[in-house]
Amino acid sequence: MNTKKIAILGGGNLGASIAEGLLESGYTKAPNIHVTRRNSAALGTLKSKGIIISSNNEAAVKAADIIILAVKPYQADDLLASIKKSLNPKKHILCSVVSGYSIEQITKQIPANLSVLRAMPNTAIAIRQSITCLSIGKATNQEQEEISGLFEQLGRVVFINENLMDAATVLGACGIAYALRYIRANIQGGIEIGFDAATASLIAAQTVKGAAELLIQTGHHPEQEIDKVTTPKGCTIAGLNEMEHQGFSSSLIKGLTVSYKKIAKE
């Protein structure tokens, strides 16, 4: 069990999910986690589990070894400015999960030589099934392992160059919505061919979960698994071909690229 003190600055949905996931995974004990929020009364569920909650960012930072910045992008500059004097390059590791807030922006607000990483998880972090993309600003190998080990309690981790963070946001974070929209359409189709909504929902969701696990556990390309269920003149290939005629793959690719262009502009 990790004994490092963790300060999560920003107890919104993401910050609270990180705290709960770290506790439920057994990564650390509740008193080692300190979550801050202006309205700390909103963190009653975390408090009931023994996690320290407050509205005092400086106190949380001073007591911490690992600091996770989890506020809104427009709040990040002011928050970092307010805790700058409490940051210790010899003690602290700072990891930001703030969307669209670059390592360059962070380093302008903090002491020189402070270890900095940036992370992009997705909403599945709430059930410890996130894909978290990590970028390194300045960190030793040991510090990188420490932060990756933390996020591995909440799903899977991949290191990427920071110039791919916008792309990671689209593919991994926005991607949750795209996958759910596919599942919703599958449910609607299931109802049309005879299932009640609850049964169609279960079948569709579990099928997608199984398909994803096939790729994760085998390392296969999707087409390898598709080939196993597309028999000559069969119903699967007929359905796939109709979807492609209607623009299934091209629509998804176009959606991804439009999202990327949108986030890159901003």
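In this chain, numbering begins with 1 at the start of the sequence shown.
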In sequence, state the C-alpha distance, the side-chain angles, and the governing distance for Thr236 and Thr231, and then conclude on side-chain contact (heavy atoms from CB on, under 4.5 Å).
CA-CA 7 Å; Thr236 304; Thr231 53; over 6 Å; no

Ignoring hydrogens and geometry, is there a side-chain-to-backbone donor-acceptor pair from His221 to Glu223 under 3.5 Å?
yes

Apply the test side-chain contact (heavy atoms from CB on, under 4.5 Å) to residues Gln109 and Asp77: give CA-CA distance (whole Å), side-chain angles for both, the deciding distance (0.1 Å), then the verdict.
CA-CA 7 Å; Gln109 302 289 336; Asp77 279 349; 3.6 Å; yes

Quick one: pull up CD in Glu152 and CZ in Arg128 and give me the separation to the nearest 0.5 Å.
12.5 Å

State, to 0.1 Å, how close Ala168 and Cys133 come at their nearest heavy-atom pair, and which atoms those are.
CB-SG, 3.7 Å

Please check this pair: side chain of Asn161 against backbone of Asn163, looking for a donor-acceptor N/O pair closer than 3.5 Å.
no

Audit row: Ile6, Leu150, side-chain contact (heavy atoms from CB on, under 4.5 Å) steps and yes/no
CA-CA 10 Å; Ile6 302 164; Leu150 184 154; 4.1 Å; yes

Do Gln224 and Thr218 touch side chain to side chain, with heavy atoms closer than 4.5 Å?
no

In one Ile/Leu/Val/Met/Phe/Trp/Tyr side-chain cluster, 4.5 Å: Ile176, Phe151:
no

Under the side-chain contact (heavy atoms from CB on, under 4.5 Å) criterion, do Gln105 and Val98 qualify, and how do the steps go?
CA-CA 11 Å; Gln105 289 172 287; Val98 181; over 6 Å; no

Heavy atoms of Ser249 and Glu244 approach each other most closely as OG-OE2, 2.7 Å

Going from CD1 on Ile66 to CD1 on Ile33, what distance comes out if it is rounded to the nearest 0.5 angstrom?
10.5 Å

Ignoring hydrogens and geometry, is there a side-chain-to-backbone donor-acceptor pair from Ser201 to Ala198 under 3.5 Å?
no

Just by modelled atom types, is the Val157 backbone N or O under 3.5 Å from a matching donor or acceptor in the Thr132 side chain?
no

Correct closest heavy-atom pair for Glu146 and Ile93 would be OE1-CD1, 3.9 Å

side-chain hydrogen bond (donor to acceptor under 3.5 Å, both in side chains) between Glu192 and Gln188, worked out
CA-CA 6 Å; Glu192 188 167 337; Gln188 291 172 322; over 6 Å; no

Check whether more than 12 heavy atoms from other residues, nucleotides or ligands sit under 6.0 Å from atom NZ of Lys49, and answer yes or no.
yes

Determine whether a donor-acceptor pair (N or O, by modelled atom type, separation under 3.5 Å) exists between the side chain of Lys91 and the backbone of Ala64.
yes

Thr140 vs Ser115 side-chain heavy atoms within contact, under 4.5 Å:
no

Salt bridge flag under 4.0 Å for residues Glu162 and Arg118:
yes

Connected via hydrophobic side-chain network under 4.5 Å: Ile67 and Leu69:
yes

Judged by atom type as modelled, is there a donor-acceptor pair below 3.5 Å linking the side chain of Ser130 to the main-chain atoms of Pro121?
no

Can you find a pair of side-chain heavy atoms, one from Leu214 and one from His220, that are under 4.5 Å apart?
no

Tell me if a side-chain donor or acceptor on Ser250 pairs with a main-chain N or O of Gly247 at a distance below 3.5 Å.
yes

Using a strict 4.0 Å threshold on nitrogen-to-oxygen distance, state whether Lys85 and Glu58 make a salt bridge.
no

Locate the shortest heavy-atom distance separating Ile110 from Val116; write the atom from each residue and the value.
CD1-CG2, 3.3 Å

From NZ (Lys84) to CG (Leu87), nearest 0.5 Å:
9.5 Å

Are Ile131 and Leu164 grouped together when hydrophobic residues (ILVMFWY) are joined by side-chain heavy atoms under 4.5 angstrom apart?
yes

For a 4.5 angstrom cut-off between non-hydrogen side-chain atoms, does Val170 reach Tyr178?
yes

With a 3.5 Å distance limit and no angle check, can you tell me whether His34 reaches the backbone of Ala59 through a side-chain donor-acceptor pair?
no

Is it the case that one hydrophobic cluster holds both Ile183 and Ile226, taking links as side-chain heavy atoms less than 4.5 Å apart, direct or via other members?
no

For Tyr182, I'd like to know if atom OH has over 12 heavy atoms of other residues, nucleotides or ligands within 6.0 Å.
no

For the side chain of Arg38 and the backbone of Ser55, is there at least one donor-acceptor N/O pair under 3.5 Å apart?
no

ILVMFWY cluster, Tyr101 and Met165 together (side-chain gap under 4.5 Å)
no

Heavy-atom nearest pair, Ala119 first then Cys95, reads CB-SG, 3.8 Å

If you draw a 6.0 Å radius around CG in Asn13, do more than 12 non-hydrogen atoms from other residues or ligands fall strictly inside?
no

Distance in Å, Ile8 CD1 paired with Leu43 CG, rounded so as to fall on 0.5 Å steps
10.0 Å

Taking all non-hydrogen atoms of both residues, which atom of Ala60 and which atom of Leu9 are closest, and how far apart?
CB-CD2, 4.1 Å

Is there a side-chain contact between Asn186 and Thr207 in this structure, where contact means two heavy atoms from C-beta onward sitting under 4.5 Å apart?
no

Contact check, side chains of Gln129 and Lys209, non-hydrogen atoms, under 4.5 Å
no

Could you grab the distance from atom CG of Leu171 to atom OG1 of Thr169, nearest 0.5 Å is fine?
10.0 Å

Side chains of Lys138 and Asn113 in contact at under 4.5 Å (non-hydrogen atoms):
yes

When rounded to the nearest 0.5 Å, the distance separating CD1 of Ile51 from CD of Glu20 is 6.5 Å

